[in-house]
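Each chain gets a letter, A, B and so on, in the order its sequence line appears, and its residues count up from 1. Values reported hereafter were calculated over all heavy atoms of this structure, with side chains retained and with hydrogens, waters and symmetry mates removed.
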2 protein chains.
Amino acid sequence: MISGKFAITIHILTLLNKFPNDYLSSEFIAGSMNVNPVLVRKEIANLKAHHIVESKEGKNGGTKLAVNSSELTLKEIFEMTFETIGLGFAKNQPNPDCPVGKKINQNLEALYSEMNEKVSAQLQNISLEDFSNQF
Amino acid sequence: MISGKFAITIHILTLLNKFPNDYLSSEFIAGSMNVNPVLVRKEIANLKAHHIVESKEGKNGGTKLAVNSSELTLKEIFEMTFETIGLGFAKNQPNPDCPVGKKINQNLEALYSEMNEKVSAQLQNISLEDFSNQF
DNA sequence: CATACTGTAATAAAATATGTTACAAATTTA
DNA sequence: TAAATTTGTAACATATTTTATTACAGTATG
């Protein structure tokens, strides 16, 4: 299972980019993706914490982009919503008396770290504007 | 949340590679990773279906590698346990009347597809033997 | 024939993700 | 200034997925 944070966040940002002059309400945004408005507001809270969007409370309030979409890369969005990708770790404490158990997580970590570098390199080349222009 | 299938499978294979002449029991393997033996047997069933291991029922039975560990790549293991990586999709049917909602999953799919190519390229360069030699 | 395994199904428990309700606080507009 | 609308957030409920457990038939070994 993968949390939908990245997908929700990029959807929000794409919409905001399509209406750069409007404050969009969480209800409007939620209507485009068919999720609960509270979920949208939670991701917006995260975006606000990273100064990517600004929002206005009260009537006719909502959220708009606070950065230039050509300067925001998918890598940054990835880092705000996923810490890292990977293929999972040994969940329970593996047996420390077994040479494999003792080092498995460390070796997986090294493997995934390299994966993240590749993925980050890819995502860094795509701006929100690029992504948004596909629609 | 990420299913631990890859981590469990590579752990199993590393152990099998360390004891190439023995049939290891699911209980022994489970002991190294501290999970339930039934989980191990399920992943072994998957490996058997791909002809990566062979197993022997009955007393003193167990599982051993059926391929040369220098010829099995992590890419193959990845493909047996994860179909693909990605950062999630819009889960509910997005609004088809919204230009963004209509195409979001398609565009995410394209993005993730490229991610998978990068990751596969990396994993293809690492054999089970390489991975195993780190322990 | 007793023992120790695999194979597999069925079910239970735990973890995580998503949805819902509720409401205080803020801001607009009439 | 009062009504309406929207954010922000907490608390809780539901759904989904993952992991664990139990059970037992079938199979090989000695």
Side-chain angles (χ1 to χ4, degrees), chain A residues 1-9 11-12 15-16 19 22-31 33-66 81-83 86-94, chain B residues 1-9 11-12 15-16 19 22-50 52-66 81-83 86-94:
Chain A
M1 203 205 289
I2 274 186
S3 144
K5 285 161 76 72
F6 177 83
I8 290 178
T9 298
H11 197 146
I12 293 169
L15 283 171
L16 295 180
F19 298 93
D22 299 326
Y23 282 90
L24 303 186
S25 75
S26 62
E27 190 130 9
F28 174 81
I29 295 170
M33 49 179 64
N34 191 22
V35 297
N36 195 288
V38 177
L39 265 187
V40 172
R41 299 208 282 266
K42 277 178 188 165
E43 295 315 316
I44 283 174
N46 186 32
L47 287 166
K48 281 183 68 176
H50 289 87
H51 309 99
I52 305 299
V53 303
E54 57 187 64
S55 54
K56 208 171 59 170
E57 294 187 19
K59 186 168 180 181
N60 296 336
T63 302
K64 74 196 245 326
L65 269 185
T81 55
F82 260 78
E83 311 70 45
L87 307 176
F89 290 96
K91 192 178 163 112
N92 303 336
Q93 190 56 243
Chain B
M1 200 204 294
I2 274 185
S3 143
K5 285 163 74 74
F6 177 82
I8 290 178
T9 298
H11 197 145
I12 293 168
L15 282 171
L16 295 179
F19 298 93
D22 298 327
Y23 283 89
L24 304 186
S25 75
S26 62
E27 189 130 10
F28 174 82
I29 295 170
S32 167
M33 49 179 64
N34 191 21
V35 297
N36 195 287
V38 175
L39 262 188
V40 172
R41 299 209 281 266
K42 277 180 187 162
E43 295 315 317
I44 284 173
N46 186 32
L47 288 167
K48 281 183 67 176
H50 289 87
I52 305 298
V53 303
E54 58 187 65
S55 55
K56 207 169 62 171
E57 294 187 17
K59 187 169 178 180
N60 297 333
T63 302
K64 74 198 242 330
L65 269 186
T81 56
F82 261 77
E83 311 69 45
L87 307 176
F89 290 96
K91 195 182 160 105
N92 304 335
Q93 190 57 242

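Protein atom CG of B:N36 is 14 Å distant from nucleotide atom C1' of C:dA14, rounded to whole Å. Rounding to whole angstrom units, CD of residue B:E27 and P of C:dT6 are separated by 8 Å. Atom pair B:N92:CG and C:dA17:P shows a separation of 16 Å (rounding to whole Å applied). The CD atom of B:E43 sits 11 Å away from the C1' atom of D:dT19 (whole-angstrom rounding). Separating the NZ atom of A:K5 from the C1' atom of C:dA17 is a distance of 11 Å, rounded to the nearest angstrom. B:I44 has its CD1 atom 11 Å from the C1' atom of C:dG7, to the nearest Å. The nearest whole Å value for the distance from the CG atom in A:L47 to the P atom in D:dG8 is 11 Å. Rounded to an integer number of Å, the gap from B:K42 NZ to D:dT21 P is 12 Å.
Among all heavy-atom pairs drawn from A:F89 and B:A7, the shortest one is C-CB, 3.7 Å.
An OP1 or OP2 oxygen of C:dG7 is reached within less than 4.0 angstrom by a side-chain nitrogen or oxygen of B:S55. Remark: B:S26 is in phosphate contact with C:dT6, judged by side-chain N or O atoms under 4.0 Å from OP1 or OP2.
Checking C:dA15, D:dA20, C:dT18 against every side-chain atom of A:L39, the shortest atom distance belongs to C:dT18. With distances taken from any side-chain atom of B:A45 to the nucleotides C:dT8, C:dG19, D:dT21, the minimum falls on C:dT8. Closest to the side chain of B:V35, out of D:dT16, D:dT7, D:dA20, is D:dA20.
DNA chain C is contacted by both A:I8 and B:L24; B:L24 maps to the nucleotide lying nearer its 5′ end (nearest heavy atom per residue).
B:K91 NZ to A:I8 CD1: the interatomic distance, rounded to the nearest 0.5 Å, is 10.0 Å.
Contacts of B:T63 with the nucleic acid, taken as non-hydrogen atoms under 4.0 Å apart, are absent. The residue A:N34 sits apart from the nucleic acid: no heavy atom pair falls under 4.0 Å.
A donor-acceptor pair under 3.5 Å is absent between the side-chain atoms of A:N34 and the main chain of B:N92, judged by distance alone.
Partners of A:D22 according to the side-chain contact (heavy atoms from CB on, under 4.5 Å) rule, which considers only residues two or more places apart in sequence or in another chain, are A:F19, A:L24. For A:T63, the side chain to side chain donor-acceptor pair (under 3.5 Å) test picks out no residue, with sequence neighbours left out. In this structure A:E54 satisfies the side chain to side chain donor-acceptor pair (under 3.5 Å) test together with A:Y23, sequence neighbours excluded.
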Only pairs under 3.5 Å count here: list side-chain donor-acceptor contacts from residues 35-52 of chain A, not counting sequence neighbours, and write none if there are none.
residue : atom : partner : partner atom : Å
A:N36   : OD1  : A:V38   : N            : 3.0
A:R41   : NH1  : A:S26   : OG           : 3.1
A:N46   : OD1  : A:H50   : ND1          : 3.4
A:N46   : ND2  : A:M80   : O            : 3.0
A:K48   : NZ   : A:S55   : OG           : 3.3
A:H50   : ND1  : A:N46   : O            : 2.9

Could you write nucleotides 22-30 of chain C as a row of B, S and -, 5' to 3', where a protein heavy atom under 4.0 Å of any base atom gives B, of only sugar-phosphate atoms gives S, and otherwise -? B--BBBBS-
